[in-house]
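Because the structure is predicted, anything quoted here is derived from the model rather than measured. Naming convention: chains lettered A, B, ... in sequence-line order (proteins, then strands); numbering from 1 in each chain.
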Protein chains: 2
Amino acid sequence: MTARDEPVIGREGARPKGVARRLEILDRAIEVFRERGADGTSLRRIAEAIGVSHAALLHYFDSREQLLVAVYAHAEAQRAASECTTPPTGIDVMVTAAIANVEVPGLVQLYTTLVAASLESQSEVGKAFFTARFERVRGQLTEDLRAAQQAGTVRDDLPAEHLAALIVAASDGLQVQWLLEPSVGLEETLRTLGELLKPH
Amino acid sequence: MTARDEPVIGREGARPKGVARRLEILDRAIEVFRERGADGTSLRRIAEAIGVSHAALLHYFDSREQLLVAVYAHAEAQRAASECTTPPTGIDVMVTAAIANVEVPGLVQLYTTLVAASLESQSEVGKAFFTARFERVRGQLTEDLRAAQQAGTVRDDLPAEHLAALIVAASDGLQVQWLLEPSVGLEETLRTLGELLKPH
DNA sequence: GTCTATACTTTGATAGAC
DNA sequence: GTCTATCAAAGTATAGAC
């Protein structure tokens with residue numbers, strides 16, 4: 001996935017100038033999250049850190065949730081773009097992604113918060129974004145796993161779709177457990193999942 | 001786990017009468033969640049549904065988060081108490097628990113929201129509750145798995161602690177994926193995880 | 001001990017001026 | 001395109017009635 005594929009979250013009919021300013025705001029917002037985490041991320045605090053009014057942010061994003069989703073999507077796209085070489089096996093992708101996520105605690109916190117918010121019935125953008133994201137990640141992982149099954153590196157007696165969903169779920173869930181209790185051992189536990197997937 | 005073991009979330013020095021009223025409030029709050037989900041669960045809405053002022057709720061609970069954590073803890077304890085017979089194998093426990101959870105969407109939503117909130121640095125009660133809960137569930141599951149490993153029903157070439165953390169993470173993560181996209185197949189995927197755990 | 005009334009502060013969101 | 005002004009709602013805290 002390259003940055004070119006990044007879906008534009010927010011105003012659809014944005015002008016080029018507006019798009020540039022939007023990206024500028026997103027970049028600065030990501031910096032804010034990296035520095036201070038995802039704790040006091042009200043519209044006013046973000047706006048203050050960027051140097052504009054909170055109403056200005058709502059000029060580019062229809063709601064606070066839309067801004068936060070755009071921030072997460074942008075950060076994810078940036079990280080994906082920085083990885084030029086895509087590792088072959090699916091489990092390694094998730095391991096390295098989880099490790100990279102956890103090195104920026106604010107992002108995991110933001111991700112978890114947004115996923116939880118997307119479960120609420122009011123959430124429109126969040127539900128759409130994460131539904132699509134889960135489907136995309138599971139789909140990609142399923143392909144990788146199927147190839148690995150044919151190559152003989154992953155056991156082929158279980159459906160790849162299930163394994164893909166399990167990997168995503170385990171990765172998400174372990175990151176949360178690790179944030180609450182670092183002794184869980186994120187990397188080792190994910191590698192144990194990798195062992196589980198190997199053929200007999 | 002019986003209801004007797006339920007930790008008292010909230011005021012420590014509560015009198016018997018206060019405890020009774022507290023439980024009454026919790027019972028009614030759970031009803032509210034069952035009926036309307038966890039969408040518009042502000043203190044004022046909950047209070048209105050119960051028939052008291054929102055300030056009255058804060059007489060029994062120090063904060064909104066404390067009330068919500070108590071609601072979840074109470075609902076979990078109720079459900080645990082209703083299961084008299086504890087299934088032997090660890091994976092089945094998680095499967096049935098996940099199925100039961102998902103039948104009350106509001107509870108999963110509440111759980112996910114509270115876990116996300118507990119990651120914030122301000123969260124005190126939430127962080128304490130979920131850290132303890134994860135440790136307790138992982139510990140119990142680790143014991144079950146170790147017994148199953150010695151009985152030969154679970155492969156013993158991988159550490160039980162890792163498997164326990166994986167089961168919890170997969171269960172939590174899959175419930176979220178299922179809520180966003182029911183076609184994921186919560187039960188089947190969890191049973192596939194059970195297959196992964198079987199010895200060669 | 002229990003609860004209502006009330007006020008304070010912050011929040012997301014909107015409207016309109018420049 | 002950006003701001004100020006303003007609003008309604010929310011969490012929180014206090015005072016006092018019973």
Side-chain angles (χ1 to χ4, degrees), chain A residues 9-26 28-29 32 36 38-71 110 113-114 116-118 120-126, chain B residues 8-29 32 36 38-71 110 113-114 116-118 120-126:
Chain A
I9 309 287
R11 293 274 169 80
E12 296 88 30
R15 293 284 174 283
K17 177 119 183 216
V19 170
R21 182 76 175 113
R22 257 181 68 101
L23 286 179
E24 196 179 325
I25 289 179
L26 282 183
R28 302 209 54 173
V32 174
R36 332 210 288 227
D39 265 26
T41 55
S42 69
L43 277 179
R44 282 173 171 83
R45 298 248 251 198
I46 299 175
E48 184 188 14
I50 292 182
V52 294
S53 73
H54 72 282
L57 295 184
L58 291 177
H59 177 72
Y60 294 96
F61 304 91
D62 290 340
S63 69
R64 174 179 181 264
E65 189 194 19
Q66 194 175 76
L67 167 63
L68 294 185
V69 169
V71 165
L110 176 61
T113 303
L114 289 177
S118 75
E120 307 217 354
S121 62
Q122 303 110 314
S123 169
E124 196 61 42
V125 276
Chain B
V8 174
I9 308 287
R11 293 275 169 82
E12 295 90 30
R15 292 286 174 281
K17 176 119 183 217
V19 170
R21 183 70 175 119
R22 258 181 67 102
L23 287 179
E24 196 179 324
I25 289 179
L26 282 183
D27 282 333
R28 302 209 55 174
V32 174
R36 333 209 289 226
D39 266 26
T41 55
S42 68
L43 273 181
R44 284 172 169 83
R45 298 246 253 200
I46 298 174
E48 184 187 15
I50 291 181
V52 294
S53 72
H54 68 281
L57 295 184
L58 291 178
H59 178 72
Y60 297 96
F61 305 91
D62 289 339
S63 69
R64 174 179 181 267
E65 190 194 19
Q66 194 174 77
L67 166 64
L68 294 185
V69 169
V71 166
L110 177 61
T113 303
L114 288 178
S118 75
E120 307 216 354
S121 62
Q122 303 110 315
S123 169
E124 195 63 41
V125 275

Problem set entry | Heavy-atom protein contacts under 4.0 Å, nucleotides 7-18 of chain D, coded B base, S sugar-phosphate only, - none | ---BBBB-----
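Put simply, CD1 on B:I50 is 15 Å from C1' on C:dT2, counting in whole angstrom units. Spacing between atom CG of B:L57 and atom C1' of C:dG1 amounts to 16 Å, rounded to whole angstrom units. Spacing between atom CG of A:L67 and atom C1' of C:dT11 amounts to 15 Å, rounded to whole angstrom units. Following rounding to the nearest Å, A:F61 (CZ) and D:dG1 (C1') show an atom-to-atom distance of 14 Å.
Partners of B:D39 by side-chain hydrogen bond (donor to acceptor under 3.5 Å, both in side chains), not counting sequence neighbours, listed by chain and number: A:S121, B:Q109. Among residues two or more places apart in sequence or in another chain, the side chain to side chain contact (heavy atoms under 4.5 Å, CB included) test is passed with B:R28 by B:I50. Taking the side-chain hydrogen bond (donor to acceptor under 3.5 Å, both in side chains) definition, one finds that A:S53 meets it with nothing, sequence neighbours left out. In terms of the salt bridge (Lys or Arg N to Asp or Glu O under 4.0 Å) criterion, residue partners of B:E24 (sequence neighbours excluded) are, by chain and number, B:R21. When the side-chain hydrogen bond (donor to acceptor under 3.5 Å, both in side chains) test is applied to B:S63, no partner is found at least two apart in sequence or on another chain.
When all heavy atoms of A:S123 and A:E65 are compared, the closest pair comes out as OG-OE2, 2.7 Å.
Between B:H59 and the phosphate of C:dC3, there is no side-chain N or O to OP1/OP2 separation shorter than 4.0 Å.
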